[in-house]
Amino acid sequence: KILVPFVGLVLAFCFYSKEDFNPEMLKGKRVIVTGASTGIGEQMAYHLARMGAHVLITARTEAKLQKVVTRCLELGAASAHFMNGSMEDMALAEDVVKEAKHLWGGLDMLILNHIGYTYFNYFDGDVEHIRKLLEINFLSYVAMTVSALPMLKESGGSILVVSSKAGKIGIPFVAPYSATKFALDGFFSSLRQELIIKNISVSITLCILGHIATETAEKTVSHVMQKPGAPKEECALEIIRSGALRKRELYYPYTAVRIPLLIRDWAPEFLDSLTRNSLNVENVKKS
Ligand code: NDP
């Protein structure tokens, strides 16, 4: 009896927020998107370009970035630039933000999206791999945020942090990745509180994503998933939309992510078992 009006309220809130969004909100905005040579990041760059934003994109592979920049300009970006290099190098993280200052004199939106390579299997005991992944998936996000905050404070801008269901609940076969995504929640949820206390108008949106059909996900996890991934184009748009609306968190696809999170604190063992049963565990090789 209580659940029905509660679910109704949540859905009404979602649709109300969606109606408030207007692509014009991004016109002329200065946006950094990391990890934008492929997947969701690439699609975010294209959406931003169609909306008339300035984009600065990053990843390691120069040739792919060059193609994305060319496409962004064709789609109507106010300007499009790239910087390539690995985000395990904190100097690069800081240099990207400096480049935005040099190009545009300020910044409106920082979209932190890149991830380093990891395996999808039983934890292999490699501590060094976790250290490296923490540098790429977590510390570089912190370094970029520290460098970008002065410009974002000036513009009343937004930080969008792309995380995962594996950054909120325990999912098998992704222990190193999961650790880095949980770290993002801890750091950015705490920072958001401090910004509010200090009356600083910089929003932080944590994007909790379920399975999305990117090339990487198809290659690494599709054999274990029982359902196909959600479309990366729609996912990318939802991330931008929720950032523009300064939402606290995004859940995409909504029910596949939100329902497990609602169960998490009330029936954790039930959720653990649902999670195990939702995977084709037999397709993961035991080492
Ligand atoms: P992709 O693998 O398609 O994209 C990753 C991007 O990061 C690429 O541009 C890649 O380019 C770049 N990258 C890889 N290694 C480095 C590095 N060392 N330094 C800098 N950049 C690097 O990922 P997705 O689009 O699938 O995922 C995007 C985000 O969404 C991630 O944060 C991921 O955790 C999250 N997510 C995705 C899900 C999914 O099912 N796809 C599910 C849940 C969350 P290059 O190789 O050229 O460096």
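All ligand and atom numbering here is 1-based and tracks the order in the structure.
- No part of Ser140 comes within 4.0 Å of ligand 1, judged by heavy-atom distances.
- No side-chain donor-acceptor contact under 3.5 Å links His114 to the backbone of Ala59.
- For atom 47 (O) of ligand 1, the nearest non-hydrogen atom from the set Thr61, Thr58, Asn113 belongs to Thr61.
- For ligand 1, the atoms sitting less than 4.0 Å from at least one non-hydrogen atom of Ala36 are 9 (O), numbered in the order shown with element in parentheses.
- Listed for the Thr145 side chain is a donor-acceptor partner under 3.5 Å among the backbone atoms of Tyr141.
- Of all atoms in ligand 1, numbered sequentially from 1 with element shown, those under 4.0 Å from a heavy atom of Ser37 are 8 (C), 9 (O), 10 (C), 11 (O), 45 (P), 47 (O).
- Residue contacts with ligand 1 for Ser86 involve both N, CA, C or O and side-chain atoms from C-beta outward (heavy atoms, distance under 4.0 Å).
- Residue-level proximity to ligand 1 for Lys181 is carried by the side chain, the only part with a heavy atom below 4.0 angstrom.
- The closest donor-acceptor contact from the side chain of Arg248 to the backbone of Arg192 lies at 3.5 Å or more, if one exists at all.
- Against a heavy-atom cut-off of under 4.0 Å, Thr38 is close to the following atoms of ligand 1: 1 (P), 3 (O), 4 (O), 8 (C), 9 (O).
- Those atoms of ligand 1 that come under 4.0 Å of a heavy atom in Gly210, given as number and element, are 38 (C), 40 (O), 42 (C), 43 (C).
- For the pair Met90 and Ser140, the minimum side-chain heavy-atom distance is below 4.5 Å.
- Here Glu135 does not pair with Lys132 in a salt bridge; the nearest charged N to carboxylate O distance is not below 4.0 Å.
- Any N or O atom pair closer than 3.5 Å counts here, and Met87 shares at least one such pair with ligand 1.
- Here the heavy atom of the protein found nearest to atom 15 (N) of ligand 1 is Ile115 O, 3.2 Å.
- Residue contact check: Gly35 has heavy atoms under 4.0 Å from atoms 6 (C), 7 (O), 8 (C), 9 (O), 12 (C) of ligand 1.
- Near Ile136, with a cut-off below 4.0 Å to any heavy atom, the atoms of ligand 1 are 18 (N).
- Of all atoms in ligand 1, numbered sequentially from 1 with element shown, those under 4.0 Å from a heavy atom of Gly39 are 3 (O), 25 (O).
- Ligand 1 has no nitrogen or oxygen under 3.5 angstrom from a nitrogen or oxygen of His114.
- Of the possible donor and acceptor atoms, none in the side chain of Asn280 sits under 3.5 Å from a partner among the backbone N and O of Glu282.
- Taking distance alone, with nitrogen or oxygen atoms compared against 3.5 Å, Ser164 stays at or beyond that limit from ligand 1.
- Side-chain atoms of Tyr252 and Glu234, non-hydrogen and from C-beta on, do get closer than 4.5 Å to each other.
- Taking a cut-off of under 4.0 Å to the non-hydrogen atoms of Ser163, the atoms of ligand 1 that pass are 44 (C).
- For Tyr119 (side chain) and Asp124 (main-chain N/O), a donor-acceptor pair under 3.5 Å exists by modelled atom type.
- Relative to atom 39 (C) of ligand 1, the option among Asp89, Ile212, Asn137, Thr216 with the closest non-hydrogen atom is Ile212.
- The shortest contact between atom 27 (O) of ligand 1 and any protein heavy atom is with Ile40 CD1, 4.0 Å.
- Between His54 and Trp104, the ring planes are tilted. Angles from 30° to 60° get that label.
- By the 3.5 Å distance cut-off applied to N or O atoms, Tyr117 is not counted among the residues near ligand 1.
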